[in-house]
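FYI, the numbering just counts along the sequence from 1. As the structure is a prediction and not an experimental result, all values here were calculated from the model.
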Amino acid sequence: MKKIISVFLSLALVAGLAQAQNNKQDQKKGGNDWREKVRAEQVAFITSELDLTESEAQAFWPVYNDVQKQRREAFQATGQAFKALSEGANGNDAANLLDKYLDAKSAGEKVEAEAVARYKNVLPVSKVAKLLLAEEKFRQNQIHRLGQGGPGRPGAGGNRPGNRPQPSKEPSTM
């Protein structure tokens, strides 16, 4: 009898682990869907804000996509350097870790400076300025939407204290 119960529990455990793995993969897919949706919204927003001509769009989007890739890589490198610094800040290697973190931050700033120069090669300066403003405006809109719960993000913003409806200040008539 004990053997049957242990086999049953083992099978239940394996099934539970398999289901958890499937859920994890589904969450990753959902995360990619959300990223793709935000990316599509960003492209539409920037296109609208810049009022790109067809020839400008053909020259601009490959450059913009490459800059976005470089930004992601710089952001990840900075994050990894920060994590290493936070884990080893009290050790003998703290000075080296600090230098690596500052180098990663500088590399990210260099990506931004080079991006503006690259944009100037394919767009008029006035549209480059509009691009920087549009990116910030889009970012602010996304932050606001996430605070409101945002589409496609269940629970984002949720019922945090700052997001709950405030009660009326008028006296009750009960």
(message) Applying salt bridge (Lys or Arg N to Asp or Glu O under 4.0 Å), can you list everything that pairs with Lys137, at least two apart in sequence or on another chain?
(response)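 Lys137 satisfies salt bridge (Lys or Arg N to Asp or Glu O under 4.0 Å) with Glu49 once adjacent residues are dropped.
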(request) For Glu136, check salt bridge (Lys or Arg N to Asp or Glu O under 4.0 Å) against everything at least two apart and list the hits. (result)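 Testing Glu136 for salt bridge (Lys or Arg N to Asp or Glu O under 4.0 Å), a comparison that skips the adjacent residues, returns Arg139.
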(message) If you apply the rule side-chain hydrogen bond (donor to acceptor under 3.5 Å, both in side chains), what do you find for Arg71 with Gln68, and how did you get there?
(response) CA-CA 5 Å; Arg71 283 177 173 164; Gln68 289 297 94; 2.6 Å; yes
(request) Just grab all the ring pair (Phe, Tyr, Trp, His ring centres under 6.0 Å) pairs involving residues 36-58, residues at least two apart or on different chains. (result)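 For residues 36-58: Phe45-Phe138.
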Which distance, rounded to the nearest 0.5 Å, do you find between the [atom1] of [X] and the [atom2] of [Y]?
| X | Y | atom1 | atom2 | value |
| --- | --- | --- | --- | --- |
| Thr78 | Leu85 | OG1 | CG | 12.0 Å |
| Phe60 | Leu50 | CZ | CG | 6.0 Å |
| Leu123 | Tyr64 | CG | OH | 11.5 Å |

(request) Kindly state each residue pair satisfying salt bridge (Lys or Arg N to Asp or Glu O under 4.0 Å) with at least one member in residues 57-67, sequence neighbours excluded. (result)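 Non-adjacent pairs meeting salt bridge (Lys or Arg N to Asp or Glu O under 4.0 Å): Asp66-Arg118.
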(message) When you group the ILVMFWY residues by side-chain heavy-atom contacts below 4.5 Å and let the links chain together, are Val43 and Leu131 in the same group?
(response)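 Yes: a chain of side-chain contacts under 4.5 Å links Leu131 to Val43.
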(message) For residues Val63 and Ile46: do they belong to one hydrophobic cluster (side chain heavy atoms under 4.5 Å, members Ile, Leu, Val, Met, Phe, Trp, Tyr)?
(response)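 Per the 4.5 Å side-chain linkage, Val63 and Ile46 are co-clustered.
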(request) Report the residues that fulfil ring pair (Phe, Tyr, Trp, His ring centres under 6.0 Å) with Phe75, sequence neighbours left out, ordered by chain and then residue number. (result)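 So Phe75 forms no ring pair (Phe, Tyr, Trp, His ring centres under 6.0 Å) with any residue.
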For [X], all residues meeting side-chain contact (heavy atoms from CB on, under 4.5 Å), sequence neighbours excluded:
| X | result |
| --- | --- |
| Lys69 | Arg72, Glu73 |
| Leu132 | Val116, Glu135 |
| Ala94 | none |

(message) Tell me whether the count of non-hydrogen atoms from other residues, nucleotides or ligands lying under 6.0 Å of CD in Gln140 goes above 12.
(response)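 Result for CD/Gln140: enclosed.
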(request) Any side-chain hydrogen bond (donor to acceptor under 3.5 Å, both in side chains) involving residues 119-132? Give me the pairs, sequence neighbours left out, ordered by first then second residue. (result)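 Residue pairs with at least one partner in residues 119-132: Glu56-Lys127.
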(request) Kindly give the heavy-atom pair with the smallest separation between Val67 and Ala115, and that separation in Å. (result)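 That closest heavy-atom pairing would be CG1-CB, 3.5 Å.
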(request) Can you see which heavy atom on Val111 is nearest to which on Ala74, and at what distance? (result)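 The answer is CG2-CB, 4.3 Å.
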Solution key, residues 96-109 side-chain donor-acceptor pairs under 3.5 Å, sequence neighbours excluded:
unit_1: Asn96; atom_1: ND2; unit_2: Asp93; atom_2: OD1; d: 3.4
unit_1: Ser106; atom_1: OG; unit_2: Leu102; atom_2: O; d: 3.1

(request) With sequence neighbours excluded, tell me which residues meet side chain to side chain donor-acceptor pair (under 3.5 Å) with Gln70. (result)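 So Gln70 forms no side chain to side chain donor-acceptor pair (under 3.5 Å) with any residue.
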(request) Taking side chain to side chain donor-acceptor pair (under 3.5 Å) as the test, write out the residues that go with Ser48, two or more places apart. (result)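 Not a single residue meets the side chain to side chain donor-acceptor pair (under 3.5 Å) criterion with Ser48.
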(request) Could you walk me through whether Gln42 and Lys37 pass the side chain to side chain contact (heavy atoms under 4.5 Å, CB included) test, one step at a time? (result) CA-CA 9 Å; Gln42 181 184 33; Lys37 182 178 179 180; over 6 Å; no
